[in-house]
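To start, the structure under review is shown below, and the notes come after it.
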There are 2 protein chains.
Amino acid sequence: MDSDYTLEQTPATRRRNKVREAILAAAERMFAKEGESGLSIRRLAEEIDYSPSAIYKYFGSKEELLEELKDSFFERLLEQVDRVSATSMNFHDRARACVTTYVSTATARPHHYAAAFSSIPTREELAARRQLSWDDFLATPKGQAFKILVDLVEEGQGLGVFDPALEPVKTAKSIWASSHGLALLMIHMPLLPDVQPCPTQTDGDFVAYHADIVMRGLAVPADLPHKNGTRS
Amino acid sequence: MDSDYTLEQTPATRRRNKVREAILAAAERMFAKEGESGLSIRRLAEEIDYSPSAIYKYFGSKEELLEELKDSFFERLLEQVDRVSATSMNFHDRARACVTTYVSTATARPHHYAAAFSSIPTREELAARRQLSWDDFLATPKGQAFKILVDLVEEGQGLGVFDPALEPVKTAKSIWASSHGLALLMIHMPLLPDVQPCPTQTDGDFVAYHADIVMRGLAVPADLPHKNGTRS
DNA sequence: TATTTTAGTGAACACTGTTCACTTTTCGAA
DNA sequence: TTCGAAAAGTGAACAGTGTTCACTAAAATA
């Protein structure tokens, strides 16, 4: 019933969507280049030859517009990781690829990724959102990305390559933190890797290096027997 | 020679420093509570009963003032970690404590820590700063914090508890990324740990959990001999 | 065709950081 | 102590921001 309406849109709504997309496209362009501070409603309006107040017929506020940019970016990011996680690679490579894909996609649009994690909730907001359930979280793009990690940990434990003593949810959060941190470190301190004495190294190399260390942290400890294996 | 001058300051400069400190104190208070957006020069001036233009006799710009807030925070952060790294704890506990201290200090002042990593350099800035040498970086607070990690890795390798195949500098960056990521994740998504089905867990517990996984990632691999051991 | 809804505008409001001519205060040397 | 210079502090203004609202023009509907 809804798709009927959206398929045969009236020219009015089609025009409207076109303008809306034009706004988003221009906003995307400006934001990707100059970030949140470089995206001004007035400059944006000038860019698409509209008056500033016209923007408010399509978006309730600048924050709302930004929210849409960030959300659609994070959905693309989730898509990338999801695609990799469904690959037929062997487990180790697949797990590492999830991390490297996440970091690469994040650093490819630094302003987007940083902005997606830029809000610091106040105590009141925190108290209000405390009602959000686990299931509500899993419905969000960030929740889905998180779920991929939880599944990955559980799969690794099932295969006997990850320590069975690890709690999947906590461990997924640990992996996320490590990936998140590398992405933001590369975004905010991009010349940190180049500053070291080995100039031949590229960014991608280090991401793989980091992903490898992260995965090694989840392995079955040396003083524990492997699954079905015996200790020397 | 310098301390002589600072000890017998003329009343003029002492007064000046007092005003300067008052500005910083008010700015610190406002920034800690409401972040960068909540700190306005005009409100700040009103807070200390001065005119907005008076601020500019003490700080060249708002950004310069903010820079001072961030820098002094990061120096405090560095102090904390430095103190812990010089403890007489055994190596494992000390290494973990470095990470947990870093994360706890960071999350204790969320706006400060986030702001300390908020700038995204443009391509031009990046080309300009590329001249900065490794030694220049080590002179900065961030560089010193980084150095602590490099030393820690090398110490662990010397003790035979960290994989000798690891490159200390790259590995230090990996540890930093993991710690950085957890700090920012806790700052920007503070209810992520509580949302999971085990409500008894506190933030501090998870930081330790994460620090443990990070350290495990640096251990000598299971299929490698320990120090002075032989390979099968 | 008449009416109502929608698209779009321009002027205004309340902010912001910043500058600058200007006054007042303070300090050091004659 | 007095005088001139330097420093401290101010108010008004500039350019910019997000946002609102009464208003017009155009399109959709009856």
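Keep in mind the model is a prediction, meaning the values are calculated, not measured. So you know, we letter chains A, B, ... as the sequences are listed, proteins then strands, and number each from 1.
Note: CG (B:Leu39) to P (C:dC15) measures 17 Å, nearest angstrom. In this structure, A:Glu64 atom CD and D:dG18 atom C1' are separated by 14 Å, rounded to whole Å. For the pair A:Arg14 CZ and D:dA27 C1', the interatomic distance rounds to 15 Å; values are reported in whole Å. When rounded to the nearest whole Å, the span between CG of B:Leu66 and P of C:dT16 equals 15 Å. In this entry the distance linking CZ of A:Arg16 with C1' of C:dA7 reads 8 Å, nearest Å.
Side-chain contact annotation: A:Tyr58 with A:Tyr50, donor-acceptor N/O pair under 3.5 Å absent. A:Thr105 and A:Tyr113 are not linked by any side-chain donor-acceptor pair at a separation below 3.5 angstrom, with hydrogens and angles left out of the test.
Between A:Arg20 and A:Glu68, at least one side-chain nitrogen of the basic residue sits less than 4.0 Å from a carboxylate oxygen of the acidic one, meeting the salt-bridge criterion. The pair B:Glu21-B:Arg14 does not meet the salt-bridge criterion, since no charged nitrogen lies less than 4.0 angstrom from a carboxylate oxygen. With respect to B:Lys70 and B:Glu75, no salt bridge is recorded, no charged nitrogen being found less than 4.0 Å from a carboxylate O. Between B:Glu34 and B:Arg29 there is no salt bridge, since no side-chain N of the basic residue sits under 4.0 Å from a carboxylate O of the acidic one.
Nearer the 5' end of DNA chain C, as judged by each residue's closest nucleotide, is the contact made by B:Glu63, out of B:Arg15 and B:Glu63.
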Strand DNA chain D as a dot-bracket string - pairs counted if Watson-Crick or G-U with both distances under 3.5 Å, | where the partner lies in another strand:
||||||||||||||||||||||||||||||
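Contacts between residues 40-59 of chain B and DNA chain C, defined by a heavy-atom separation under 4.0 Å, are made by B:Ser40, B:Ile41, B:Arg42, B:Arg43, B:Ser53, B:Tyr56.
The ring of A:Phe73 has its center closer than 6.0 angstrom to the ring center of A:His112.
Using a 4.0 Å heavy-atom distance criterion, A:Leu65 is classed as making no nucleic acid contact.
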Derivation and outcome, side-chain contact (heavy atoms from CB on, under 4.5 Å), residues B:Val19 and B:Ile23:
CA-CA 6 Å; B:Val19 175; B:Ile23 296 177; 4.3 Å; yes
